[in-house]
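What follows is a set of notes on a single structure, which appears directly below.
Basis for what follows: all heavy atoms, side chains included, without hydrogens, waters or symmetry-related copies. Just so you know, ligand 1 is whichever comes first in the structure, and atom 1 is the first atom listed for that ligand. Note that the coordinates shown come from a computational prediction; the quantities given were computed from them, not determined experimentally.
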Amino acid sequence: MKGIFITIEGPDGAGKTSVIKQLLPMLEETIQQEIVATREPGGSRIAEEIRELILNPENTEMDARTEALLYAAGRRQHLVEKILPALETDKLVICDRFVDSSLAYQGAARGLGVHEVAEINQFATDNLSPDLTLYLDIEAHLGLERINQNKKTRQFDRLDQETLEFHEKVRSAYLEIAKNHVERIVQIDASQELGTVVEQCYQTIIKRLKK
Ligand SMILES: Nc1ncnc2c1ncn2[C@@H]1O[C@H](COP(=O)(O)OP(=O)(O)O)[C@@H](O)[C@H]1O
Ligand SMILES: Cc1cn([C@H]2C[C@H](O)[C@@H](COP(=O)(O)OP(=O)(O)O)O2)c(=O)[nH]c1=O
């Protein structure tokens, strides 16, 4: 498999969606390889249906393990339908969120255990790990402030109902995961101006592609 698998991670409001939007045309201009941009939760028809179920603000009674299993199930379907076929045909796949999100949100913040959630995801992904992960780091309250400022343009989902404390746990878990996987994860300060964050992401990807 010659494709390259890049994931973008970070707390809510870190700027993942905004960064990817600007990054794509920059990459398309400079590299020959075809790019497939996708996102989790979702990214395929069945996985988008699972996304609706997980993020529906009315599903307040959803159990934490059910939530973790649904994310893993959606991930499996998305992987089989979209990511693996792209990698098998040598494409560059850029995915907004992947397993690290489940480790941080369900494993750490929900308290299910990072190790336990890693195990169900190893089953779901058959141990596929990204070649590179850009971790956009931001303090939880800053990410939430960004989202609140732009509430009208963004859908309010079930995880947005969580407390600041929950989002702080997410961020601490990401920092720990990044520290433990320096060979794969590059940490970028997402509190900088958007243009600077995009440029740093771009340079990191180009450096990885030259390897
Ligand atoms: N570097 C930045 N500086 C200031 N605002 C930003 C920056 N990056 C993103 N934003 C704004 O913050 C909000 C959340 O960004 P978004 O890209 O949706 O984040 P995410 O996908 O990580 O949740 C958006 O309104 C976006 O315009
Ligand atoms: C992929 C994934 C996302 N999530 C959460 C993070 C987000 O709060 C929510 C929706 O993800 P997303 O649509 O990426 O939201 P945002 O643009 O705010 O980052 O799902 C998990 O809890 N576990 C996971 O495995």
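Here is the list of ligand 2 atoms found below 4.0 Å of a heavy atom in Asp12: 7 (C), 8 (O), 18 (O). The Pro41 neighbourhood of ligand 2 comprises atoms 1 (C), 3 (C), 11 (O), with distances under 4.0 Å to a heavy atom of that residue. Atoms of ligand 2 lying under 4.0 Å from any heavy atom of Ser102, numbered from 1 in the order shown and given with element: 24 (C), 25 (O). Short contacts between ligand 2 and Arg75, defined as distances under 4.0 Å to a heavy atom of the residue, involve ligand atoms 1 (C), 24 (C), 25 (O). Each of the following atoms of ligand 2 lies closer than 4.0 Å to a heavy atom of Lys16: 19 (O). Interface atoms of ligand 1 facing Glu193, defined by a heavy-atom separation under 4.0 Å, are 1 (N). Heavy-atom contacts of Gly15 reach the following atoms of ligand 1: 8 (N), 9 (C), 15 (O), 16 (P), 17 (O), 19 (O), 20 (P), 22 (O) (cutoff under 4.0 Å).
Ion pairing of Lys16 with Glu9 is absent here, as no side-chain N (NZ or NE/NH1/NH2) approaches a carboxylate O to less than 4.0 Å. The pair Arg171-Glu168 fails the salt-bridge criterion, with no side-chain N (NZ, NE, NH1 or NH2) lying under 4.0 Å from an Asp/Glu carboxylate O. Classification of Asp100 and Arg75 as a salt-bridged pair fails, no side-chain N sitting under 4.0 Å from a carboxylate O. For Glu48 and Arg39, the salt-bridge test passes: some basic side-chain N is under 4.0 Å from an acidic carboxylate O.
Taking the six-membered ring where tryptophan is involved, the planes of Phe166 and Tyr105 are tilted, since the angle between them lies from 30° to 60°.
Here the shortest heavy-atom distance to atom 13 (O) of ligand 2, taken over Arg51, Arg97, Arg39, belongs to Arg51. Among Phe98, Tyr105, Tyr71, Phe166, the residue whose heavy atom lies closest to atom 3 (C) of ligand 2 is Tyr71. In this comparison of Ser18, Gly195, Pro11, the heavy atom closest to atom 16 (P) of ligand 1 sits on Ser18. Between atom 21 (O) of ligand 1 and the options Asp12, Thr17, Asp96, the minimum heavy-atom separation is to Thr17.
Using a 4.5 Å heavy-atom cutoff, the side chains of Leu144 and Leu164 are in contact.
Residue Gln32 places its CD atom among 12 or fewer non-hydrogen atoms of other residues, nucleotides or ligands, all under 6.0 Å distant.
Contact annotation for Glu67 and ligand 2: no heavy atom of the residue comes within less than 4.0 Å of the ligand. If you look at Gln149 next to ligand 1, there are no close heavy atoms at all, none under 4.0 Å.
Cluster membership check: Ile8 shares its hydrophobic cluster with Ile35, using side-chain heavy-atom separations under 4.5 Å among Ile, Leu, Val, Met, Phe, Trp and Tyr.
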